[in-house]
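Since the structure comes first, as structure tokens, the remarks are kept for the end.
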Amino acid sequence: MSSTLLMFLILAMTLAWTASADANLGVLIFFALLTTVLGVVSALVAERTAKARKLMDSPRAPRPWRWMSRQQWILLTVGLAAISALTASVSGVRVLSAEPVVTATAPAPDPVPTPARTFAAEPSPTPSASPSPSVSASPSSSASGSPSPSGSPFVEPPPGSRTYLDSVDTVTGSMDASPVSLSSVRYPRSVSLTCSRVTYSIAEWNVAGQRTLAATLGVPDDARYAFGGVIEMLFYDQDGRQLGQRHEVSLGHPKAITVDLSGVVRLRFACSARDSKTNSERAFTGAMGDAVFVR
């Protein structure tokens, strides 16, 4: 009996510990319901065996009650209920401690890509406007009569050719826009996402007119559950064609990449995480450090 309960305990704990962060919610619900059912069964077994205590060793007792003694029946049902409750508790702790997917909050746009605007300054007063003839011409006018800088229209420089990804809104999915450190190097203009599987961990941007995407892919130094894990990152165009190769990164091993965006209108980023030893599914944060579009 003890070996049976120990076997169930090992199997339940293994299931709760190896399940992914998404699957743990299902494990929690299952074992919570199982605990309730086994609790009711334990109460029924205790009641029935108490009534049939004198008949359990008798040939007239129902066949199921002759398989084990009353103490064994109660130990089995109560033990299974306790194991189910413990497994549900472990799954609940893992669900609560799993990293949430944070909706991206883009910072203020970088002043570089701001469209050029023309501001007309108020004209400087001419020297004739001075009430006293003894006052010399204002230094804002030159001898040649050409307008001075203070009287000229101010034209802001044309927009630059670089746009940081953290200032661009996603059209599908979401990413966290915040600084990250990859292998002790800080990247202040970065985006990150909790990676689990490529069909779930995705984000898309409108990149029409962009020429390349440059970034450093990696796992943030402070990412939870990243020890011994590997993240695989991929890029696709609007037709589902893969752009470039698959990129694998891990804690302490970032990778600088450049993605050719010629002819790409919609860029999709997808990532998945796994254990480097068992290849089982994991869930932890991947990041693109200082990701920038170049026209």
Closest approach of Ser272 to Arg197 (non-hydrogen atoms, all atoms of both residues): CB-CA, 3.8 Å
Minimum heavy-atom distance between Ala226 and Val219, given as atom pair plus value: CB-CG1, 3.8 Å
Thr170 and Thr172: CA distance, side-chain angles, deciding distance, side chain to side chain contact (heavy atoms under 4.5 Å, CB included) verdict: CA-CA 6 Å; Thr170 58; Thr172 301; over 6 Å; no
Reported [atom1]-to-[atom2] distance for the pair [X] and [Y], which is rounded to 0.5 angstrom:
| X | Y | atom1 | atom2 | value |
| --- | --- | --- | --- | --- |
| Ser190 | Asp176 | OG | CG | 10.0 Å |
| Trp205 | Thr163 | CH2 | OG1 | 14.0 Å |
| Leu267 | Leu165 | CG | CG | 8.0 Å |
| Leu251 | Ser276 | CG | OG | 11.0 Å |
| Leu217 | Ile257 | CG | CD1 | 4.5 Å |
| Phe235 | Asp260 | CZ | CG | 13.0 Å |

Worked check of side chain to side chain contact (heavy atoms under 4.5 Å, CB included) between Thr216 and Met288: CA-CA 5 Å; Thr216 300; Met288 289 191 282; over 6 Å; no
Counterpart residues, side-chain contact (heavy atoms from CB on, under 4.5 Å), relative to Cys271 (two or more places apart): Leu193, Cys195, Ser201, Ile231, Met233, Phe269
Val185: partners by side-chain contact (heavy atoms from CB on, under 4.5 Å), with sequence neighbours left out: Tyr187
Any donor-acceptor pair under 3.5 Å linking the side chain of [X] with the backbone of [Y]?
| X | Y | value |
| --- | --- | --- |
| Asp221 | Ser184 | yes |
| Ser167 | Tyr164 | yes |
| Arg282 | Ser196 | no |

Lys/Arg-Asp/Glu bridge criterion (N-O < 4.0 Å) met for Arg241, Asp239: yes
Lys/Arg N to Asp/Glu carboxylate O, Arg189 vs Asp290, below 4.0 Å: no
Any pair counted as side-chain hydrogen bond (donor to acceptor under 3.5 Å, both in side chains), so long as it reaches residues 248-258, sequence neighbours left out: His247-Lys255, Glu248-Arg274
Test log, rule side chain to side chain contact (heavy atoms under 4.5 Å, CB included), inputs Asn206 and Val265: CA-CA 6 Å; Asn206 180 3; Val265 176; 4.2 Å; yes
Verdict with reasoning, Thr212 to Phe293, per side chain to side chain contact (heavy atoms under 4.5 Å, CB included): CA-CA 6 Å; Thr212 59; Phe293 292 123; over 6 Å; no
